[in-house]
Amino acid sequence: MTGFRAVVIEKTDAGQSVALKPFDEADLMAGDVTVRVSHSTLNYKDGLALTGAAPVVRRFPMIPGIDFAGVVESSSHDGFKPGDAVVLNGWGVGETHLGGYAEKARVPGDWLIALPEGMAPETAMAIGTAGYTAMLCVLALEKHGLTPDMGPVLVTGAAGGVGSVAVALLAKAGWEVIASTGRASEAAYLEGLGASEIIARDDLSGKVRPLGKERWIAAVDCVGSTTLANALSMTRYGGAVAACGLAGGMDLPSSVAPFILRGITLYGIDSVMAPRARREAAWARLASDLDPALLSGMIKTVPLDEIVGQGQEILDGKVRGRVVVEI
Ligand code: NDP
């Protein structure tokens, strides 16, 4: 048996258990590329998987970890050869396909993209799926034709992983960023990332009016529910909102008013099945636009044997910025 260390989720009649243990390479799933994983990260979805708080894991045993960076160990895929540095986000890894909290991963090569030139694997995972999703949101707003001279942009769940990277990217691009957070203690952190104004989470989580005072031309929403509904109702005429998260709930108690009376557009952002060209565009922009100094201020690094305990932390909204897992 060729073994390596992995975090493994198992399910029995007694419930779900999760532990760091040896895993046999022969039990890895089908794929034409085997990667020696050096780094992974903690995403909200990983918190759901580690704790079993929501049924994101669809196969047992499962190695969680929806993203990873590492070096190709063996490959029969045309696009990759041993020694290539690669990054993976999504595609059901950590949900239906064995994931990144392990020393090795085997995946279809079509799921991998080359690590951008000059980017270290720990940087790629400091960005992680959260940062890549933030970039997808920014790209959607840009594609809509929105520019910083048109007005401010709102970021909700701002002190979380997606939110932090979104604030940094948008501020760097010249936007006036309004950051919404439930943690007033993180105001200085958010200002350090470039936020111009901090508003309280409660400002957006209350009763939703069909149309509110027009405040921002664009928004990146990580929260959903009444927060997204309020964000829509306060978006200026012709603006757009990129919705990627549900940290506050899956519902959307909105009305058609923002759409039919203010011409607002709501973009749904999915990182998991995003086509390759969009992924490569997002990673190229992250490599060029994200200030490494800001990124290093956003991260906490934990070894593989401590990641299990972090699952509840992210669900409780206690994680600031990004958690990098060093394998
Ligand atoms: P984090 O937990 O790091 O950030 C979420 C943030 O949302 C928290 O930090 C907190 O920000 C805020 N928040 C948490 N709970 C609540 C609540 N009950 N009401 C209002 N705000 C709340 O997670 P990520 O940044 O990794 O992910 C954010 C969301 O995006 C998640 O829902 C995740 O599932 C989703 N996501 C979606 C992807 C996609 O492909 N569409 C990809 C990646 C993530 P603060 O303390 O500042 O208020």
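Every number for a ligand or one of its atoms is a count from 1 in the order of the listing.
- Close approach to Ala159 involves these atoms of ligand 1, each under 4.0 Å from a residue heavy atom: 47 (O).
- The pair Glu10-Lys21 meets the salt-bridge criterion, since a charged nitrogen lies less than 4.0 angstrom from a carboxylate oxygen.
- If you number the atoms of ligand 1 from 1 as listed, the ones under 4.0 Å from a heavy atom of Gly161 come out as 1 (P), 3 (O), 4 (O), 25 (O).
- Under 4.0 angstrom from ligand 1, the non-hydrogen atoms of Ile314 come from both its backbone and its side chain.
- With a heavy-atom cut-off of 4.0 Å, Leu136 does not touch ligand 1 at all.
- Results of the side chain to side chain contact (heavy atoms under 4.5 Å, CB included) test with Met125 over Thr41, Leu42, Ile327, Val37 single out Thr41 as the only residue that passes.
- Salt bridge status for Glu280 with Arg285: absent, with no side-chain N to carboxylate O gap under 4.0 Å.
- At the shortest separation from atom 4 (O) of ligand 1 among protein heavy atoms lies Gly160 CA, 3.3 Å.
- The protein heavy-atom contact nearest to atom 36 (N) of ligand 1 is Cys244 O, 3.6 Å.
- Looking at Gly317 next to ligand 1, no N or O pair under 3.5 Å apart turns up.
- The pair Lys104-Glu73 counts as a salt bridge, with a side-chain nitrogen and a carboxylate oxygen less than 4.0 angstrom apart.
- For the pair Glu95 and Arg59, the salt-bridge criterion is not met [side-chain N within less than 4.0 Å of a carboxylate O].
- For ligand 1, the atoms closer than 4.0 angstrom to any heavy atom of Arg183 are 9 (O), 46 (O).
- Between His39 and Phe68, the ring centre distance reaches or exceeds 6.0 Å.
- Here the protein heavy atom with the shortest distance to atom 30 (O) of ligand 1 is Gly245 CA, 3.4 Å.
- Of all protein heavy atoms, the one closest to atom 16 (C) of ligand 1 is Ala247 O, 3.5 Å.
- Looking at atom 19 (N) of ligand 1, its nearest protein heavy atom turns out to be Gly248 CA, 3.7 Å.
- Taking the ring axis of Tyr189 as reference, the NZ or CZ atom of Arg320 stays within 45° of it and closer than 6.0 Å to the ring centre.
- At a threshold of 4.5 Å between non-hydrogen side-chain atoms, the residues Leu294 and Leu290 do not count as touching.
- Relative orientation of the His144 and Tyr267 rings is perpendicular, given thresholds of 30° and 60° on the angle between their planes.
- Put simply, no part of Thr227 is less than 4.0 Å from ligand 1, judged by heavy atoms.
- Atom 32 (O) of ligand 1 has its closest protein heavy atom at Leu246 N, 2.9 Å.
- A perpendicular orientation is assigned to the rings of Trp111 and His97, their planes being inclined by more than 60° (bins at 30° and 60°).
- Relative to atom 47 (O) of ligand 1, the option among Thr181, Val155, Asn89 with the closest non-hydrogen atom is Thr181.
- Shown in contact with Ser271 at under 4.0 Å from a heavy atom are these atoms of ligand 1, numbered in order with element: 39 (C), 40 (O), 42 (C).
- Atom 21 (N) of ligand 1 has as its closest protein heavy atom Arg201 NE, 3.2 Å.
- Within the 4.5 Å cutoff, the side chain of Val35 has no heavy atoms near those of the Val71 side chain.
- The protein non-hydrogen atom at the shortest distance from atom 27 (O) of ligand 1 is Val162 CG2, 3.7 Å.
- Those atoms of ligand 1 that come under 4.0 Å of a heavy atom in Val223, given as number and element, are 20 (C), 21 (N).
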